[in-house]
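Here is the structure we will look at.
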There are 2 protein chains.
Amino acid sequence: MPEAMRWSTENCTISRTMQILGDKWTFHVLRELFVGVRRFEDIRARSGIPRQVLTERLAALIERGLLRRHPYRLPGQRERYEYRLTQAGLDLYPVLVAMIQWGDQYLPLDGGPPIVAQHRECGERISVVLRCEAGHEPDAREVAIRPGPGARPRSLAG
Amino acid sequence: MPEAMRWSTENCTISRTMQILGDKWTFHVLRELFVGVRRFEDIRARSGIPRQVLTERLAALIERGLLRRHPYRLPGQRERYEYRLTQAGLDLYPVLVAMIQWGDQYLPLDGGPPIVAQHRECGERISVVLRCEAGHEPDAREVAIRPGPGARPRSLAG
DNA sequence: TGGCTGAGTCTGTCAAGTGGACTTATCCTC
DNA sequence: GAGGATAAGTCCACTTGACAGACTCAGCCA
């Protein structure tokens, strides 16, 4: 029996993160904000999200603290709001970059990658690497996901 | 107008990756495999996925090349199959670790993290870092996501 | 006064997820 | 060889959520 079977999933960090991100459309919304598209109608036009779903997802992301509304005003128009990433939202960059990196490797396109992550200062391509606290950079087979200090035993019954 | 508005999203790497991963249950399945739970009934019991959905998601992940079926046999039982990550699946570690890291920071629990990523060789905690090809390790505000060589212009009309 | 625009809200339809019961194949015990 | 256990599914009825398309609303402009 795998060791993990003895531990509960109820408070699992991945689950709790997926409750926020784990939705087809939520990730599309985040992508738009990461590439700099901030307004309702622009996000909708580029991503194809149904309006109602977009409204709901934006509200959820604000409530979770990943976005905030920011007033803006076009000349000769009334004040409106755009949506911006908070620090919590910006800190999803590693997740985004890791996904782009995986996609570039396993779902490549003939013309090359359609989007790249770039260091603003020097213009070079950015990627993510795994690193342990001893300074090693392990590859995938050297990584193990184990129960941590907050792990709770599983009440078997299902 | 943000620059990104001029570029099409149709072949976006994030979208194409999300077509595979961007589903509440798919990620739960992957989590189970990453922590070492490989059998249908074990996955179902720990994650609470409805059987029908689990059947469908496993089949999809196999078809996409992230998993493979592997025969096994318990003493005194007939042969069955378990599910294992392929190299493509294992290479999602950076995505998983990035998500755990974000969750630990922004959705912390009193008892500490319920799961941790560990280097098998030395036992130290593993995290992900962003790094550019010039060797810098930028923080979130220094990252930009830009159109790459495969970007296609957007036919405006929506 | 009437029209434009961005950002929504409303509505009916239809696909998908859900829980619970049922099925199948194999092995074990009697 | 009959009956039971078990892992891995299938089947079914029900409910929830996504979806497209039309409608609303507030402020500004001509």
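Chain letters run A, B, ... following the sequence lines, proteins first, then strands; residues in each count from 1.
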Practice item. State, with a plain yes or no, whether a side-chain heavy atom of A:Arg152 is found less than 4.5 Å away from one of B:Pro114. Key: no
Exercise for review: Answer yes or no: is there a side-chain heavy-atom contact under 4.5 Å between B:Thr17 and A:Tyr106?
Suggested key: no
Exercise for review: Name every residue in residues 14-28 of chain A that has at least one heavy atom under 4.0 Å from any atom of DNA chain D, in order of residue number, or write none if there are no such residues.
Suggested key: A:Lys24, A:Trp25
**Study point:** Selection: residues 47-69 of chain B, any non-hydrogen atom under 4.0 Å of DNA chain D
**Key:** B:Arg51, B:Gln52, B:Thr55
Check your understanding: On the ring face of B:Tyr72, is B:Arg38 found with NZ or CZ under 6.0 Å from the centre and within 45° of the axis?
Key -> no
Practice item. Identify whether the distance between the nearest side-chain nitrogen and carboxylate oxygen of A:Arg39 and A:Glu82 falls below 4.0 Å. Key: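 Yes, A:Arg39 and A:Glu82 are salt-bridged.
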Review point. With a 4.0 Å cut-off, would you call A:Arg131 and B:Glu137 a salt bridge?
Key: yes
Review point. Should A:Arg16 and A:Glu10 be marked as a salt bridge (Lys or Arg N to Asp or Glu O under 4.0 Å) after you check the CA-CA gap, both sets of side-chain angles, and the distance that decides it?
Key: CA-CA 9 Å; A:Arg16 289 179 301 122; A:Glu10 75 194 278; over 6 Å; no
**Study point:** All salt bridge (Lys or Arg N to Asp or Glu O under 4.0 Å) counterparts of A:Arg57, not counting sequence neighbours
**Key:** A:Asp23
Practice item. Apply the side-chain contact (heavy atoms from CB on, under 4.5 Å) test between A:Glu133 and each candidate in B:His119, B:Gln118, B:Glu124; give the one that qualifies. Key: B:Glu124
Point to revise | Among A:Arg31, A:Lys24, A:Met99, side-chain contact (heavy atoms from CB on, under 4.5 Å) partner for B:Met18 | key: A:Met99
Point to revise | B:Phe40/B:Tyr81 aromatic ring centres below 6.0 Å | key: no
**Study point:** Atom CD of A:Glu63 with >12 non-hydrogen neighbours under 6.0 angstrom
**Key:** no
Review point. Which nucleotide span of DNA chain C, 5' end to 3' end, has atoms closer than 4.0 Å to non-hydrogen atoms of chain B?
Key: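 Both ends considered, the range comes out as C:dG17 to C:dC28.
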Could you state the [atom1]-[atom2] distance from [X] to [N], rounded to the nearest angstrom?
X       : N     : atom1 : atom2 : answer
B:Arg38 : D:dA7 : CZ    : P     : 17 Å
B:Asp42 : D:dA7 : CG    : P     : 8 Å
B:Tyr81 : D:dA8 : OH    : P     : 12 Å

**Study point:** Test side chain to side chain contact (heavy atoms under 4.5 Å, CB included) applied to A:Asp104 and A:Val116, step by step
**Key:** CA-CA 9 Å; A:Asp104 284 342; A:Val116 295; 5.7 Å; no
Review point. Could you write nucleotides 24-30 of chain D as a row of B, S and -, 5' to 3', where a protein heavy atom under 4.0 Å of any base atom gives B, of only sugar-phosphate atoms gives S, and otherwise -?
Key: --BSSS-
**Study point:** Qualifying salt bridge (charged side-chain N to carboxylate O under 4.0 Å, His left out) pairs, either residue in residues 87-100 of chain A, two or more places apart
**Key:**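 Passing the test, one end in residues 87-100 of chain A: no pairs.
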